[in-house]
Each structure stands twice: as C-alpha cells, then as structure tokens.
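Working notes for the structure below.
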Amino acid sequence: MRTYRLALIGFGNVGQGLAQIIRDQGDDIARQLGVQITIVAVSDLLKGSLYDPDGLSPTALLDAVQTSGDLNGVAAPHRDWNAQQTIAESSADVLVELSYTDLESGEPAVSHISQAIEKGLHIVTTNKGPIALRYPRLSALARDRGVEIGIEGTVMSGTPTMALGQDLLAAANITRIQGIVNGTTNYILSQMENGTTYNAALAEAQEKGYAEADPSGDVEGFDAAGKVVIMANVLMDASITLGDVARQGITGLTPQDIETARSEGRRWKLIASIEKTASGVKAGVRPTRLPTEHPLASVSGPTNAVTFTTDLLGDVTLIGPGAGRMATGYAIVCDLLGIARKVQPREK
Ligand code: HSE
C-alpha cells in the first residue's frame, strides 16, 4: 500500500472537495488502487491551521467548516502554523497547493512550492498562477530534487486534459488547441441565453464554486488566458507568457448581443485557441459567435471542451467538467495516482 500524507495550503472549495472525496471514496481508492490518502495538515489564512501527524479526519474538517465557517473546533495537537511552518515542520510528503490564484506574481504559491520541493515533497496544485508563470523553473527544481509536480487541475478541473496532452498524445504532435476552458463564463453565457441576468448568473457561478475568489479573473478572460499559457508551454513546447495571449472577456456582451445571435442561429462562446505557426505560437481568448451546429456550441453550463489537433491522429476532443469543488478535488486524486505510478516508494 502506498500512503500519501498531504499538507493542504488553502481549504476553500477545492480543498473541501478533496476532503469530501477522501471521506467518501478514500477506502475504495486504497482497496482498489493501493493508494491511501491521508490529510495531516491544513493551513488556511482565514479558516485556521491544524497539524496532526496521525492524520486529520476529513469528516471533522468538513463538519467544522460547514457549521462555523472555520477549523477552530477541530481538535489537533498543533495549530496556528502558517504555510511556511506547515511545509517546514509537518511530516507531509505531498504539498497540495491551493492558495488563491495570482496571475501577476504567482505568489504566495511559487514560494510555497519552491520551499516544499527543496524539502523533497511532491507537489500537487490546481493553482494556475505558479504554473502559468514559473513552470519551467519549478519543474527543473523538481527534477533536481527527484520529486513530481501534478498540475492536472489547472486546466478543466478533473477532466484529464493535461494527462491526455502530456502522456497519451505525447507522440502525436499537437499543432493546435481550441476550446472552452472557463466554467464560470460558459455558465454565465448559458444562463443569459435562458433569460437570467449577467449579475444573477455570476452570483450563481460564485455560489456553485465555479468562480475564482476574484471573479474578474474569469469574466475578463485572465483565467482562460492562464490556461492557454499552461497548455501552450506544457503541451506544445512553447514558451509564451500571459502578455502573448490576445485576451478579451465577456463583460462587453449585452443581453441584446446574446438574443441577436440566438435569432440568427448562433451562440456566443468564450473560445481559447493556440496554434503553431511558422513564426511561433499564436494564442488568444475571445468571445466568438459560433453557429449552433458547431461542436463547441452545444457545450453548456460549467462544462468545458478542448479539441487537440494532432499530426498523427487528427482531431481529438475532450469534454467534461471545467470547474466545481468535487471535479477539481478529483484532479488532485488523479495527480496522486499518477505520482504513485511514476515514483518508486521511498525507503523510510
Ligand atoms: N474559475 C475557474 C473556471 C475554475 O470557472 O473555470 C476552474 O479553473
């Protein structure tokens, strides 16, 4: 049995989704797949911090957050450690980095991840900031230290986009990626088409756990642009930055625009695209009026989709959840299973 002892930095929607999966499916995952997942530490700026080397009960963590909004009522031998102390002093062997996304500096996640790699911890993160901005440096550091970085949840939540592109299509030569990679905006556009106002649809997306802590990252297209950078650099061997992505969000779209498109048999979608050209990679995120018979036009709500155009296989399309607490929590489980497959157990 392989055991992974997790330190969670951040206990928002994704951390809680992961705790719920461990609570409900943890025994089955251990029995069927031989990987036991235990949370030993949680450090959250607002909800509080706990460390128990014998493991924290996911049920107790979830019940506490649900009843009081924080972790203060959960018994643990150590508490109030900040992220740095949690990484330095806990016995975790995996850092699960879930702090808030900052697409300008990547901090504090870049520092958390660097510190954990130096200590020899594997990393699993759904945080787009450090991966869009610092992946080459962080992955080189991880290679030097012999640890893995799992990034499945940075794009399309638990829908295995990165695994498909990195592992299964590695030899197929991806020349173009096109898709819908933000759940919040796709949800808003679908709801607006059903007559909901923009503000009400955004509030619903926040309530359902799709939106970023600062939803302007979603509606202005920054979140999708971050995912474009990650896919271009990790899956297409490019070396682009956010500034290279031509970006436009959905805030300029009016109910009238949506109604006009509908009456013309079209539908607005926030389309992300990356294409290899003779002069390098061309990347963009922009609202696009698709004919309703276009395959991406029927991808609605928080569902996302990407089409990989490859030399050897032609087009390969993946459709699945793009956001949501359980869907993104699942990405972390996927990455842990991936680490278990790649890495030989360490001598203790
Ligand atoms: N806010 C993101 C979205 C979450 O709506 O797609 C998943 O990355």
Side-chain angles (χ1 to χ4, degrees), residues 10-18 96-103 106 109 124-133 135 150-163 165 177-192 196 198-199 201-232 234-235 242 245 247 249-251 253 268-272 285-287 296 299-306 318-335:
F11 198 61
N13 280 319
V14 181
Q16 291 170 44
L18 172 65
V96 182
E97 217 297 333
L98 308 172
S99 67
Y100 54 90
T101 291
D102 181 325
L103 280 168
V124 176
T125 188
T126 62
N127 190 329
K128 285 141 276 187
I131 306 309
L133 299 170
Y135 187 66
I151 60 170
E152 186 58 70
T154 58
V155 179
M156 275 174 69
S157 68
T159 305
T161 321
M162 300 307 290
I177 301 176
Q178 190 189 40
I180 297 170
V181 294
N182 180 267
T184 301
T185 47
N186 206 47
Y187 181 82
I188 292 173
L189 293 174
S190 300
Q191 292 299 89
M192 283 177 78
T196 307
Y198 171 87
N199 285 332
L202 173 57
E204 285 170 20
Q206 288 177 292
E207 200 254 318
K208 289 171 189 284
Y210 307 147
E212 297 298 299
D214 175 359
S216 63
D218 294 296
V219 296
E220 300 289 0
F222 290 105
D223 177 82
K227 291 165 179 164
V228 160
V229 171
I230 293 170
M231 288 192 288
V234 180
L235 305 182
L242 276 171
V245 182
R247 176 193 51 80
I250 64 160
T251 49
L253 287 181
W268 284 101
K269 293 288 174 192
L270 186 65
I271 299 296
V285 172
R286 62 180 64 86
L296 292 178
V299 174
S300 60
T303 304
N304 283 182
V306 282
L318 181 67
I319 303 178
R325 56 159 56 186
M326 296 293 281
T328 314
Y330 180 73
I332 297 165
V333 175
C334 265
D335 279 337

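Just so you know, residue 1 is the first one in the sequence shown, and it goes up from there. Model, not experiment: these values are computed from the prediction. Order of listing sets the numbers, starting from 1, for every ligand and every atom in it. All values below come from the heavy atoms of this structure, side chains included, with hydrogens, waters and symmetry mates left out.
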Check: Thr154 side chain, Thr126 main-chain N or O, donor-acceptor pair, under 3.5 Å: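 Such a contact is absent between Thr154 side chain and Thr126 backbone.
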Any idea which protein heavy atom is nearest [atom], and the distance to it?
atom: atom 5 (O) of ligand 1; result: Thr184 OG1, 2.6 Å
atom: atom 6 (O) of ligand 1; result: Gly183 N, 2.7 Å
atom: atom 7 (C) of ligand 1; result: Gly322 O, 3.5 Å

Relative to the heavy atoms of Glu212, which atoms of ligand 1 are at a distance of less than 4.0 Å? 1 (N), 2 (C), 4 (C)
Which atoms from ligand 1 have a heavy atom of Tyr210 less than 4.0 Å away?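 Heavy-atom distances to Tyr210 below 4.0 Å select 1 (N), 2 (C), 3 (C), 4 (C), 5 (O).
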Ligand 1 N/O within reach of [X] N/O, cut-off under 3.5 Å:
X: Thr154; answer: no
X: Lys128; answer: yes
X: Ala323; answer: no

When you measure from atom 3 (C) of ligand 1 to each heavy atom in Asn182, Asn186, Thr185, which option holds the nearest one?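 Shortest heavy-atom distance from atom 3 (C) of ligand 1: Asn182.
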Can you tell me if Lys227 has a non-hydrogen atom under 4.0 Å from ligand 1? yes
Within a 6.0 Å radius of atom OH on Tyr187, are there more than 12 heavy atoms belonging to other residues, nucleotides or ligands?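 Count over threshold, so yes.
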Heavy atoms of other groups near Tyr100 OH, more than 12 under 6.0 Å: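 Incorrect, the count does not exceed 12.
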State, yes or no, whether a side-chain contact exists between [X] and [Y] at a heavy-atom distance under 4.5 Å.
X: Ile271; Y: Arg286; result: no
X: Asn304; Y: Pro321; result: no
X: Thr161; Y: Glu152; result: yes

Check whether the side chains of Thr125 and Asn127 place a donor and an acceptor atom closer than 3.5 Å, and report yes or no. no
Where's the contact between Asp218 and ligand 1, heavy-atom distance under 4.0 Å: side chain, backbone, both or neither?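 The answer is the side chain.
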Within this structure, what is the NZ-CG distance for the pair Lys128 and Leu103, rounded to the nearest 0.5 Å?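 Answer rounded to 0.5 Å: 7.5 Å.
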